[in-house]
There are 2 protein chains.
Amino acid sequence: MAQKVKLSTIAEALGLSTATVSLALRDSPLVADTTRERIKEKAIELGYIYNRRAASLRTSRSGIIGVVVHDIMNPFYAEILKAIETELDRSRQTFILSNHYDSVEKQRNFIETLLQLGGDGVIMSPAIGTPASDIRLAEDNGMPAILIARSVPEIDVPTFRGDDAYGTALATNHLISLGHTCIAMIGGTDHTSTGRDRYAGYAAALTKAGITVDPALRIPGPRTKQSGFEAAVNFLANPLKPTAAVCWNDLVAIGLMNGIARAGLVPGKDISVTGYDDLEEAAIATPALTTVWNGQSEVGRFAARALLDKLNGSSEADGLHLIKPEMRIRQSTSPLNPGAGRQGAGQSQAGDSETGARS
Amino acid sequence: MAQKVKLSTIAEALGLSTATVSLALRDSPLVADTTRERIKEKAIELGYIYNRRAASLRTSRSGIIGVVVHDIMNPFYAEILKAIETELDRSRQTFILSNHYDSVEKQRNFIETLLQLGGDGVIMSPAIGTPASDIRLAEDNGMPAILIARSVPEIDVPTFRGDDAYGTALATNHLISLGHTCIAMIGGTDHTSTGRDRYAGYAAALTKAGITVDPALRIPGPRTKQSGFEAAVNFLANPLKPTAAVCWNDLVAIGLMNGIARAGLVPGKDISVTGYDDLEEAAIATPALTTVWNGQSEVGRFAARALLDKLNGSSEADGLHLIKPEMRIRQSTSPLNPGAGRQGAGQSQAGDSETGARS
DNA sequence: TGCTCCGATTCAAACGTTTAAACAAAACTA
DNA sequence: TAGTTTTGTTTAAACGTTTGAATCGGAGCA
């Protein structure tokens, strides 16, 4: 690496001042066309690289936007991220991605790092238990925040997520309309607003149909395939003999279906299963998964736009914005056929259960 | 946001110079213990935020490391990324992530952005067709590069990847040892070194076993579940009636198994399928997937370490480092049973399929 | 001729750190 | 006592941009 090429290198080579060079490279109308041309050519010739930290020190705009979610390798977030990426790319912002794995501390670290780097804004799916003060830390230091997928109490920044209660009610109603009356709910926790909303939607739908809500039919757990797979054992062993399951998300649902298949039952026939999110994967699962589209791409797009707007001075989007989910009916749900499958399940399940996979 | 708190704010509040404050906050032994204490307290009290761009302007070390891969939502990369993250976190580096989707241009943009931000180094899985000049661009500007998963011709920077030829040979031999002789290879392209190596390993294993390599048994395609799913049709329609498939990766394999199941055949019994990578998902697929562990976590860890070493002045790791893959045998492969499956497959589907997985 | 005005360019002061070198005062040394 | 160290702190010059204000050489006008 010869010697670092900077504005002054170009300026000297051309007998101009750095000011002119700076202006020219940014296409300012203040500099003569011919000069601009000469400068730009020279810049390329010398392999000039714009130093953004020097610039941002002066301008206090870094072009950096932070995005932090629970886990970027979770396809649910991945779809949101893709939408955000597309939207931000277009306005030439660099984005820094991070997982917080629901650790409030890791999340705060990220916010601090971002502040140190002079981040222009942050989009976050807040970790469980995020205190309002962490959001304010960002906002108070001039870094606007946008929330996705979850809300934080007492915080009024723009927030985008699916209408969870509505969505699970949709799924539950679908199963009820197929004749199911003993419906379990699998996966997720009650520690997040999402968790409470989803359970509420499920419970409300049952109640409305005159079915008693039985807490024994709730099997909470992580939101992973693995967890769904493992939940199959409990599900099948449940003395109430549920014939259908509303799952927290597609991953859990696919895991559950795998578990059910392992136990010798046919998911979609013997047991009806609904997912949530409508990941790409849902359509090619076997059987293809009936699920609830949760508008990830919309969430991502809206969030990115809201942030960009905010950076340009508007604050119209403050507060909560719910995306209305939609039902995607496929083959993993079918009408209740009394007598089929469900009792044969008892024995085939016991034998296989302990050989189950780990990872 | 009141007024930006900087070193001088603290200095003034305490009647000291910014130099002392700067030193104190970085725990320099040059400043008296009591002073250091006072300074640190004040910093917290005032909500001081360290300005990294100002600092890095002076020190030319930004603490930023870039990582660019084909697609971060691809679980193969996700596992590598996780390993990198763990390793970098420990040395308090911030990392910026990006997809290039195999667009050389997008990749170059990323490198340029990173240079502008003063990135300390970059870890990349180069896009197909990456010219040596793009790597040199980084290196020549003082930003060392590390390559993962793929090599770039003429480039000698530290490169970490699995031994692909060896790995596919492993899988192919496994199938041969089970009695299969008509073995297809599904997914991937020949435009990457990885692609060529994998095909070579497959071909070599066949040849060594005295089986003729038939190009008609090669079904290239993207490296996704979707693509594997779609390939099932071609695979089953192939007039050579292959009884086994070596798949490019686990995603393709799982997609293919879904496709085979859709067609009424039982993957793992009627058709043997091997994957590649040993993703978490492989163990809980139905049937549990026989696959080749490709050492993603090692690749990530080694790559991160190599970069950190390089930043500290050592350059021992230059050149190619191959990780030796290992076989993971599960239920998606079974001995060839002549006559069974391939034609009479239609009915056998629902019954027994599998007992538990192990891994 | 003297004036203003204009377009093109330059000056110089920021932006918030770090760090070599200088300094001052206190603590030893001879 | 004066000289030397040691300890703690300050000075001031960077780092590479941006930008309001200043400069300069004409052109246009009266």
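Chain letters run A, B, ... following the sequence lines, proteins first and then strands; every chain starts at 1. Model, not experiment: these values are computed from the prediction.
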Contacted region of DNA chain D by chain A, from 5' end to 3' end of the hits, cut-off under 4.0 Å to heavy atoms, spans D:dG16 to D:dT19
Rounded to whole Å, please give me the gap between NZ in B:Lys6 and C1' in C:dT17.
11 Å
Can you measure B:Leu7 atom CG to C:dT18 atom C1' for me and round it to whole angstrom units?
9 Å
Starting from P on C:dA8, measure out to CD on A:Glu37 and report it in whole angstrom.
14 Å
Is the closest basic N to carboxylate O distance between A:Arg223 and A:Asp102 below 4.0 Å?
yes
Within the 3.5 Å criterion, strictly below it, is a donor on A:Thr9 or A:Tyr48 matched to an acceptor on the partner's side chain?
no
Where along residues 38-47 of chain B does a heavy atom come under 4.0 Å from DNA chain C, residue by residue in number order?
none
Determine to 10° how strongly the helix from C:dT1-D:dA30 to C:dA30-D:dT1 is bent, judged from the axes of its five-pair ends.
60°
Rounded to whole angstroms, how far apart are CG on A:Leu14 and P on C:dA8?
17 Å
Nearest listed nucleotide, side chain of A:Arg58, among C:dA13, C:dT9, C:dT18:
C:dA13
Taking the nucleotide of DNA chain D with the closest heavy atom to each, which residue, A:Ile49 or B:Gly15, is nearer the 5' end?
B:Gly15
With B:Arg36, the side chain to side chain contact (heavy atoms under 4.5 Å, CB included) member among B:Val21, B:Asp27, B:Thr20, B:Leu25:
B:Asp27
Would you kindly say whether B:Thr159 and B:Arg150 are connected by a side-chain donor-acceptor distance under 3.5 Å?
no
Decide whether A:Ser297 and A:Arg301 meet the rule of one side-chain donor and one side-chain acceptor closer than 3.5 Å.
no
With nearest nucleotide decided by heavy atoms, which residue, A:Ser8 or B:Leu23, maps closer to the 5′ end of DNA chain D?
B:Leu23
Report the residue (A:Thr34 or B:Ala55) whose heavy-atom-nearest nucleotide on DNA chain C is the more 5′ of the two.
A:Thr34
Using 0.5 Å steps for rounding, measure from the CD atom of B:Glu85 to the CZ atom of B:Phe95.
4.5 Å
In whole angstroms, the gap separating C1' of C:dT18 from CG of B:Leu16 amounts to 17 Å
Check whether the side chains of A:Thr194 and A:Arg161 place a donor and an acceptor atom closer than 3.5 Å, and report yes or no.
no
Whole angstrom is fine here: how far is it from CG in B:Asn51 over to C1' in C:dT18?
13 Å
